[in-house]
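Here the structure comes first, spelled out in structure tokens, and everything after it is commentary.
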Amino acid sequence: MGEKNTPLLAVLQLLRKYNLKGTEDILRKEASLGDVEFENLDLPEVELASILTSHHTESDPYSYEFAYDNLKKFIENSLDVYKYELSTLLYPVFVHMYLALILYDHNEHASNFFEKFGAEQEDYCQEDLMRLAAVKTKDQIKGNELAEIYSTNKFVVQLSRDASSQLKRFLQEQKSSTVIINIINNHIQVEVHDGPGRTQAQVRATAGGMLGEATRNENRTKVYYGLLKEPDIQVLPAPVEDEEEVEETPDKPKKKKAKKEHIFMKKPKSDPNAPPNERIPLPELKETDKIEKGKALREASKRIQLGPDSLPSICFYTLLNSGHTAICTDICDDSTLLAVGFSNSSIKVWTLTPVKLRGMKSAEKLQDIDREAGDVLVRMMEEKDRDTCRTLFGHSGPVYKVMFDPFKTMLLSCSEDSTVRLWSLQCWTCLVVFRGHVWSVWDVRWSPHGHYFVTAGHDRTARLWATDHHQPLRIFSGHLSDVDCVQFHPNSNYVATGSSDRTVRVWDCLTGTQVRIMTGHKSTIFTLAFSVCGRWLASGGNGELIVWDISTGSPAALIPPTHTAPIHALAFSRDGTILSSGSLDCNIILWDFNAITEEANGEEAGTTNNTTVQKEDKFLLRSFATKNSPIKGLHFTRRNLLLAVGSYEGSS
Amino acid sequence: MGDSEFAYGSSMSVDSMKVIAESIGIASLGDDAAKELADDVTFRLKVIVQDSLKFMHHSKRQKLSTTDIDHALRVKNIECQYGFIQPDSLPFRFASGGGRELHFVEEKEVDLTEILYAPPPKIPLDVSVRAHWLSVDGVQPTVPENPPPLSKEAQKLESVDPISKLSKPTNKDAAGKPMCGKAARLKASESVHVKQLATHELSVEQQLYYKEITEACVGSDEGRRAEALQSLACDPGLHEMLPRMCTFISEGVKVNVVQNNLALLIYLMRMVKALLDNQSLYLEKYLHELIPSVSTCIVSRQLCLRPEMDNHWALRDFAARLMAQICKTFNTSTNNLQTRVTRLFARALQCPSQTNNETGVGPSMVTTMKESEKTPLASLYGAVQGLAELGPEVIKVFILPRVRWLGERVEGALSGLGGADRLAAGNLKHQLLKVLAPVVRQLRQPPDLPDEYKRDYGYLGPSLQHAVGKIRTSPPHVSHLSHVTHTPKTVDTIASRSMVISASPAPQSPAPSTPPPQKFVIVSQQKAPQTQPASGAGHIVVHSSQPTIVRSQNVQSVVVTSGPASGAAPAQKVVVVGVQPPHHHAPPAPALVSQAPVSVVAKPVFARGGTPQQPPELDDLSHLA
């Protein structure tokens with residue numbers, strides 16, 4: 001088939017698409033095209049568009065540079081009020097001009113154009129530009145993930161009303177060259193918002209998403225960020241007291257009761273923002289789970305109040321001889337077990353208390369046990385083999401995340417081998433293999449109430465599972481790149497995901513829809529954490545840390561980047577006053593979370609505080625360096641002691 | 001953004017394609033085909049590397065490894081590249097020739113039998129967990145598991161750029177005490193940021209530590225001393241005590257050089273050595289105290305009671321090595337440390353004729369001439385040693401032109417009557433031959449004629465010729481080593497030198513018996529270097545790269561006795577610098593840092609002042625004795 005015929009074929013395909021039979025027949029006759037060629041009409045959309053527009057004036061490669069220069073000059077000369085908003089246009093226009101040049105086969109011009117203007121794009125775009133720069137010919141656009149995303153989606157730019165009218169006026173002046181007008185029409189979605197133009201800081205705060213900013217409309221849905229009413233706490237004190245603290249003084253229980261009541265009092269009777277308890281069906285608590293909950297509550301009553309004046313103590317667990325092999329860690333809720341996932345596909349579980357790890361008895365021996373006995377749970381465990389460390393084998397690729405369930409009986413792990421495994425901590429064997437993800441699974445998290453869990457992977461989806469189904473209950477898709485991290489909301493109704501497309505999204509577990517999309521990160525997001533109250537979401541990327549307000553979907557406060565390497569661990573203290581972040585730069589930083597939320601609330605109320613100068617040390621309480629041990633996990637115990645895990649990487 | 005621009009365009013070259021094609025048997029790959037291939041390969045490689053970065057990030061690493069690439073290939077449904085298991089990095093070798101540059105993986109042939117019969121390698125240690133307190137109530141305890149409170153980089157930054165400390169909030173890092181309670185409230189209420197005075201309070205534990213360490217370092221128990229020095233050399237978190245330690249050393253040297261207490265000077269130098277060796281300390285701020293002390297121990301006219309008997313040469317050698325180490329570590333373009341030190345030593349070697357040539361006739365010249373005319377031989381020895389440690393280039397420029405004059409001094413002293421002078425001259429000669437021979441060997445062409453040497457180098461010419469000849473004939477690997485005069489191995493001389501310390505009050509020394517008991521040192525040489533035969537000298541030159549070996553042949557021992565001493569100060573302990581900082585002299589304020597090295601050069605009085613017995617600074621110290 002000759003080159004000449006390609007445009008004709010494209011036209012034919014178009015006619016066929018719109019079902020214009022008559023015209024199609026006439027054209028075929030006139031061009032004397034046989035049926036053979038007709039069969040091969042399956043040009044991809046992108047190419048079709050490029051072929052059909054190639055007879056346009058746009059194919060003049062020189063007009064692009066000129067047009068981009070013009071746009072730049074217009075933006076530079078516009079008033080400061082509009083300048084920063086308008087400057088967000090530059091990047092998408094640049095990208096689409098480059099792609100257009102390549103589509104029209106002006107490869108030389110394209111790379112010249114790239115060299116000339118690539119370096120002056122915002123620094124956070126550079127990573128994408130590097131990936132885009134690999135695309136040098138038309139064929140490669142098809143193979144490139146990023147180029148495809150750009151050509152099939154619209155880039156969102158938010159402008160104030162005045163700025164957008166300025167832009168319109170400029171575009172009207174540009175009648176002679178339609179390049180920019182076409183790009184803005186076809187590939188850029190201009191969102192007009194009321195109110196004054198934003199400042200540079202404001203624009204920067206939300207810029208950075210792969211496809212520009214989040215539109216306001218997307219964040220309109222109401223999110224029930226309040227906590228669930230804890231049901232049966234009142235029942236608990238009875239089974240709790242007889243457990244282990246018999247040796248303590250007899251007046252102890254009384255005290256405890258008083259304190260506990262105090263804790264109950266603090267809980268609001270009914271949170272207007274809380275979802276109904278039955279919104280998501282939660283499993284009934286088992287007797288053992290109740291005991292566990294009771295323990296948690298009793299521990300919580302001994303909690304130390306943290307604040308800027310009383311910082312937590314940090315106990316650091318160093319993994320020796322692990323080098324680069326230790327990948328992920330988790331400490332169970334009552335801080336007695338530590339699990340570590342390794343790059344050699346194994347998982348190790350250590351006990352952090354003198355209590356040894358025990359396996360269950362064999363099936364024959366289990367039959368002999370009286371099932372009605374009160375201590376059946378103790379009896380069924382093996383007496384002999386006790387260990388401080390147990391290893392779980394099963395995966396066939398690096399284990400990227402391990403997590404204990406809230407009741408300390410099960411462990412979830414996810415791996416490069418695209419599976420998620422559920423392990424029993426009583427038999428020390430794998431119970432279920434969950435298959436569903438196509439490529440590696442980056443993250444897995446239990447719901448705070450157990451039963452449900454959510455995974456995220458390289459296939460750009462996050463999936464919600466229940467332990468009793470072998471298939472996912474929900475698939476959350478919409479991210480434009482890998483979903484790198486995931487986190488359950490404390491009320492189990494929502495799931496937050498962070499992705500390489502530099503957005504954080506919140507999904508409703510009930511409907512499976514996206515309820516929040518938040519932009520502002522300038523790099524891949526590696527970890528997420530919900531605040532204790534459920535309203536705030538902290539996300540850590542490559543050195544940057546952002547706290548979001550779930551109620552509005554906007555960043556709550558600008559935290560100046562202090563870490564110099566990816567943040568892989570975030571933890572809120574149990575009373576929600578301190579946020580700790582751990583990074584690969586071997587530093588743990590404690591942030592004053594009260595100050596952060598106060599600032600956010602203050603901004604809401606409209607009090608403009610001019611303390612931006614002191615921002616550097618406004619939130620940062622303290623940073624602790626470790627000895628060449630990158631932080632891989634952080635955990636606050638119920639009494640607010642901070643546990644950190646890192647692997648020592650030698651003294652070089 | 002030069003970097004990124006470069007990176008945008010980076011691509012595989014057409015040449016590489018051709019080389020790869022050749023290696024798999026395609027002899028003639030067309031230019032166009034190669035170009036096409038190169039573009040395609042570049043694109044694919046970039047995509048794979050981009051994907052493998054994801055795997056790197058999720059493995060919580062900051063270094064890409066071969067396994068990441070394997071995983072990325074798996075995602076693309078490409079078979080992994082087997083056989084690249086390299087823990088650190090791929091051993092790419094570089095070769096160029098014929099206008100082409102090549103990077104290739106060197107594949108060594110592995111002998112299987114060797115592997116089969118070799119003992120099995122050790123089983124790698126299993127991963128284990130170890131807990132420690134990173135912070136207790138917001139304060140980071142200084143335990144070995146935690147990093148030193150102030151990193152070496154931070155110390156360096158502080159000494160190079162003191163302003164950086166002011167601009168940064170000081171209370172945020174983990175070191176020091178947290179702001180709480182009243183202090184925090186004060187800070188919140190007062191907006192004026194008052195610059196904090198440099199705090200030098202030591203905690204009680206630190207005071208105890210300081211006391212213990214300093215006592216052990218200068219005490220008589222060699223075991224404890226070794227422990228103390230080990231602690232100084234290894235412990236992190238000593239930086240808070242550094243000002244005091246350095247003052248201790250510098251005051252100690254001042255006092256003991258006056259009293260000619262060789263042993264204590266050696267101990268103090270060992271302390272300097274330990275501090276220099278400590279990986280967590282950055283000493284630049286304290287060089288203004290250390291350098292005068294060290295240079296005193298190198299060039300001082302007299303370091304011991306009986307120069308004819310005691311081995312103060314070892315101290316000079318050791319201190320010279322320390323000085324070289326200091327120069328190497330701390331020399332920067334701003335402090336010009338090495339230049340200054342070199343100038344200091346070179347001035348001591350200034351021979352009258354040269355000053356004549358350089359400065360012309362003037363009153364200052366006369367004094368210089370007189371001064372250098374009477375520079376004691378011991379100081380000359382120190383200066384030569386100090387320069388020699390700085391490297392062959394320095395020897396060539398500063399010592400070699402003065403050989404003739406030095407030779408005259410040596411000749412004069414050897415033919416003279418004074419026993420001490422003869423010994424010193426012998427040592428100086430020996431030292432000169434040792435350091436000069438390798439340099440001369442490099443400079444001159446093989447036919448070594450005694451006459452020429454005599455003409456060029458004066459009195460020392462013939463011996464030098466002999467020494468050079470000896471080097472030339474010795475095996476090549478030894479001669480190769482010989483011009484590396486400052487191998488790190490030699491630094492431990494003093495530490496490994498045998499020291500006999502006896503507590504018996506009646507030494508064999510003919511010391512005048514004065515009633516107040518005092519610790520002092522008698523250093524006796526069992527074999528005087530002078531008595532060495534000519535062949536022995538040649539032997540030494542051959543091994544000049546290893547002065548330790550050479551020196552240990554003539555067994556030297558330092559005998560420390562506590563007993564009657566010479567009629568010096570009547571106090572029991574000579575060196576005591578209180579825990580309270582002697583703030584009226586030498587305050588270790590950061591402001592002094594910039595001028596500090598200047599004062600080093602300005603005070604060579606220590607070494608060759610007219611009356612080293614009574615330096616004026618000592619008046620302040622009288623209460624310390």
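Atom set for the values below is all heavy atoms of this structure, side chains included, hydrogens, waters and symmetry mates excluded. Here the structure is a predicted model, which is why all the values come from computation and not from measurement. Per chain, numbering begins at 1; letters A, B, ... match sequence-line order.
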Sub-4.5 Å side-chain heavy-atom contact between A:Leu320 and B:Val129: no
Using side-chain heavy atoms (C-beta onward) and a distance below 4.5 Å, is A:Arg622 in contact with B:Gln140?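 No, every pair of side-chain atoms sits at 4.5 Å or beyond.
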Basic-acidic side-chain contact under 4.0 Å: B:Asp51, A:Arg131: no
Can you tell whether the side chains of A:Asp482 and B:Lys54 come within less than 4.0 Å, N to carboxylate O? yes
Go through the atoms of A:Leu643 and report whether side chain, backbone, both or neither lie under 4.5 Å from a heavy atom of chain B. neither
Where on A:Ser346 is there a heavy atom nearer than 4.5 Å to chain B: the side chain, the backbone, both, or neither? neither
Region of B:Ser128 that comes under 4.5 Å of a non-hydrogen atom in chain A: both
Parallel, tilted or perpendicular: which describes the rings of B:His57 and A:Phe526, with under 30° parallel and over 60° perpendicular? tilted
Short question: side chain of B:Ser135, backbone of A:Ser313 - any donor-acceptor pair under 3.5 Å?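 Looks like no, no N/O pair under 3.5 Å.
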For the candidates A:Ser322, A:Pro312, A:Cys328, A:Ser343, which exhibits the highest count of non-hydrogen atom pairs separated by less than 4.5 Å from chain B?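 Looking at each of A:Ser322, A:Pro312, A:Cys328, A:Ser343 in turn, A:Pro312 comes out on top.
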Identify the two heavy atoms, one from A:Ile314 and one from B:Trp133, that lie closest to each other, and give their separation to 0.1 Å.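 So the two residues come closest at O-CE3, 3.3 Å.
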Test side-chain contact (heavy atoms from CB on, under 4.5 Å) applied to A:Asn321 and B:Asp126, step by step: CA-CA 7 Å; A:Asn321 313 318; B:Asp126 199 13; 6.0 Å; no
Less than 6.0 Å separating the ring centroids of A:Trp439 and B:Phe55? no
